[in-house]
Amino acid sequence: MTSAYVGAAADSPAGWDARRAWLILATTSVAVFAASLDTSIMFMAFPDIGRTFPDVSRAELSWVINAYTIVFAALLVPSGRLADRVGRRRVFFVGLGIFSVSSGLCGTAPTEAALIGARVLQAVGGALLFPASLALVLNEFPQAKRAAAIAIWSSVGALAAALGPSIGGIIIDTFDWRWAFYINLPVGLFAFAAGGRLLRESRADEPGPQPDLVGVPMLAVGIGALALGIVQSGDWGWTDPRTIGAFLAAATVLLLFILRCATHPSPTLDLTLFREHNFRLANVATLAFAVSFSAMFFGLVQFLVYVWGYSILEAGLTIWPGPLTASVVAVLSGRFVDRVGYRVILPLGSAFFITGSLWLMAFAEVEPNLWGVWVPSALLTGIGVGLAMPSLSSAAVRSLPPNRYAVGSAVNQTIRTIGSVFGVALAVALLGQLTPAEVLDAFDRVWLLMVGAALTAGIVSLFLRQPVPAVLAASSDAPMRAPMDNSQQPIPLAVGYDRNTSTMEVPNERHE
């Protein structure tokens with residue numbers, strides 16, 4: 001197979017329609033922004049959803065967040081391969097339609113069960129939408145322009161994460177949590193209208209073997225069972241047969257999943273990637289840091305609302321210094337990785353994050369203290385996230401052969417998403433049923449979780465190897481080099497896996 005993510009017209013400077021390409025990037029980025037924003041808004045909406053369903057425990061409501069995250073993680077890589085087979089434009093519109101309709105169902109959900117079910121459907125749409133959108137963008141850009149297009153597309157998710165708390169706070173305070181979903185409807189209509197005129201269909205002539213669709217539900221069930229055991233441990237007890245049963249089910253299903261991935265010609269998770277030293281360790285560190293990051297985001301919103309008594313709007317506006325700092329530092333940190341190495345940048349990022357978490361443990365009280373407690377902690381953790389997150393993505397893929405960057409990045413995204421599930425689940429379990437007498441102790445447990453997970457990520461990072469510059473510069477005819485240092489989010493691409501050659505190849509294109 002040869003690589004060709006763009007058609008002949010795009011590869012030819014004379015035939016490239018720059019205006020059309022940038023309009024397509026803008027159109028697909030709008031949809032990606034809405035899907036990314038929806039994830040971060042959910043942290044802000046969580047307290048308001050709890051007031052709508054007062055008889056539902058925090059553990060049960062956590063599935064409003066985790067159900068989406070689990071299904072999205074399981075479907076991300078197979079969705080890219082599906083787009084190669086049946087058409088990127090088609091998969092994009094199907095994903096956009098599912099995401100938009102399910103957003104309306106989330107907004108009108110009469111019960112928590114209906115809301116969780118709609119969130120699962122929404123995750124299906126989001127997982128279809130993401131890889132297809134990037135493939136459509138790359139179809140329109142010549143090789144020399146793809147790096148810029150990828151950087152812009154990737155930064156959309158980081159921008160949504162940074163703006164999510166503030167936008168979510170404004171929307172929920174002005175209306176209610178249901179409008180956090182309703183805002184996706186006009187975005188979806190716009191993307192449908194603009195995309196219908198602009199997007200051209202493309203698919204792979206030789207998309208490779210059929211993706212393993214059995215492994216997808218196995219991964220979702222295994223991670224879901226493990227999260228269930230964690231979040232319900234407070235209500236059921238760690239020795240309750242239901243808790244033990246959930247952990248046993250998770251262990252069994254995940255073991256079977258790994259065995260299937262080891263033998264299937266087109267596995268849901270490509271285990272051969274983990275033979276590479278840096279990829280293996282970077283993903284362990286990614287999992288640990290994602291636990292600390294999602295526990296922080298979930299815990300901070302709960303703390304502001306339930307301990308300091310802030311409104312959702314006040315909480316959203318209070319949180320923004322952290323994401324903003326992370327966004328600025330992320331842009332700058334990529335410039336220093338090659339100079340100082342991952343074994344400096346990543347432990348340093350973990351150290352800043354740990355210091356910010358310990359600051360909360362040491363000084364946070366029931367009385368609000370914005371400038372003495374909150375802002376210093378937000379700046380410290382924001383610096384830590386900005387140093388660590390993009391560098392972890394880079395470390396995971398940069399020692400891989402160039403023709404495996406795409407799948408390596410997608411696997412790293414999946415592992416980060418799984419870490420987010422565990423972070424929320426552990427935070428819910430550690431908070432338990434909050435009472436005034438022990439509320440600070442409960443949140444101290446969450447801050448301690450953040451410290452422990454970030455410390456794990458930092459220690460693991462000390463054993464990474466710095467890639468050899470000559471290796472990084474090799475293979476100038478590689479399908480695509482993703483500028484991982486310029487983005488907070490890795491890049492899930494549509495790819496086809498050939499186990500016989502143990503390579504991940506970008507298939508030939510067929511355009512309509």
Side-chain angles (χ1 to χ4, degrees), residues 22-45 68-69 72 76 96 99 103 126 129-131 133-134 136-138 141 146-172 180-181 183-184 186-188 190-191 194 290 293-294 296-297 300-301 315-335 349 378-379 381-394 409 412-413 416-417 420 482-492:
W22 290 109
L23 285 174
I24 287 174
L25 175 59
T27 300
T28 56
S29 294
V30 166
V32 168
F33 182 85
S36 301
L37 187 70
D38 199 70
T39 302
S40 56
I41 283 182
M42 279 302 96
F43 288 103
M44 301 305 305
Y68 181 97
T69 311
F72 182 86
L76 184 63
L96 182 62
F99 186 83
S103 294
L129 172 69
F130 265 78
S133 68
L134 182 56
L136 287 167
V137 167
L138 295 180
F141 282 84
R146 288 183 212 164
I150 293 169
I152 292 172
W153 183 92
S154 301
S155 66
V156 167
L159 181 63
L163 296 178
S166 298
I167 293 177
I170 294 170
I171 291 172
I172 295 165
F181 296 107
I183 60 171
N184 294 329
V187 173
F190 167 80
F293 178 77
S294 60
M296 174 191 71
F297 225 132
L300 292 181
V301 175
L317 296 176
T318 302
I319 280 177
W320 74 264
L324 179 63
T325 301
S327 299
V328 173
V329 173
V331 173
L332 301 175
S333 65
R335 303 176 183 179
L379 294 177
T381 54
I383 293 171
V385 171
L387 290 172
M389 291 293 251
S391 298
L392 282 169
S393 298
S394 174
S409 180
N412 179 255
Q413 171 74 63
R416 179 187 295 185
T417 308
S420 296
M484 299 302 300
D485 289 335
N486 296 330
S487 166
Q488 277 191 288
Q489 295 205 14
I491 303 166

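This is a predicted model, so every value here is computed, not measured.
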Within-4.5 Å side-chain heavy-atom neighbours: [X] and [Y]:
{"X": "F72", "Y": "L76", "answer": "yes"}
{"X": "I183", "Y": "I41", "answer": "yes"}
{"X": "I152", "Y": "W22", "answer": "yes"}
{"X": "L138", "Y": "I150", "answer": "yes"}
{"X": "L387", "Y": "S391", "answer": "no"}

For a quick test of reading the model, state the closest non-hydrogen atom pair linking [X] to [Y] and the distance between them.
{"X": "S40", "Y": "A160", "value": "OG-O, 3.4 Å"}
{"X": "A31", "Y": "L129", "value": "O-CD2, 3.8 Å"}
{"X": "V137", "Y": "A149", "value": "CG1-CB, 4.0 Å"}
{"X": "Y68", "Y": "A35", "value": "OH-O, 4.2 Å"}
{"X": "L163", "Y": "L37", "value": "C-CD1, 4.3 Å"}
{"X": "R416", "Y": "S393", "value": "NH2-OG, 2.7 Å"}

For F33, is there any backbone N or O sitting under 3.5 Å from a side-chain donor or acceptor partner on S36?
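Side chain of S36 to backbone of F33: no pair is present.
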May I ask you to decide if S294's main-chain N or O and S420's side chain share a donor-acceptor pair within less than 3.5 Å?
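No; zero donor-acceptor contacts below 3.5 Å.
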Polar contact flag, side-chain donor to acceptor under 3.5 angstrom, Q413-S409
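S409 and Q413 do not have a side-chain donor-acceptor pair below 3.5 Å.
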side-chain hydrogen bond (donor to acceptor under 3.5 Å, both in side chains) partners of S133, counting only residues at least two apart:
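side-chain hydrogen bond (donor to acceptor under 3.5 Å, both in side chains) list for S133, sorted by chain: W153.
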List for me each residue that meets side-chain hydrogen bond (donor to acceptor under 3.5 Å, both in side chains) alongside S29, sequence neighbours excluded, and say none if there are none.
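Not a single residue meets the side-chain hydrogen bond (donor to acceptor under 3.5 Å, both in side chains) criterion with S29.
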Taking atom CG of L25 and atom CG of L136, what is their separation to the nearest 0.5 Å?
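L25 atom CG to L136 atom CG measures 11.5 Å (nearest 0.5 Å).
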Report the distance from atom CD1 of I383 to atom OG of S333, rounding to the nearest 0.5 Å.
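Reported value, rounded in 0.5 Å steps: 11.5 Å.
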Sequence neighbours excluded, which residues qualify as ring pair (Phe, Tyr, Trp, His ring centres under 6.0 Å) partners of F293?
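For F293 the ring pair (Phe, Tyr, Trp, His ring centres under 6.0 Å) partners, ignoring immediate neighbours, are F297.
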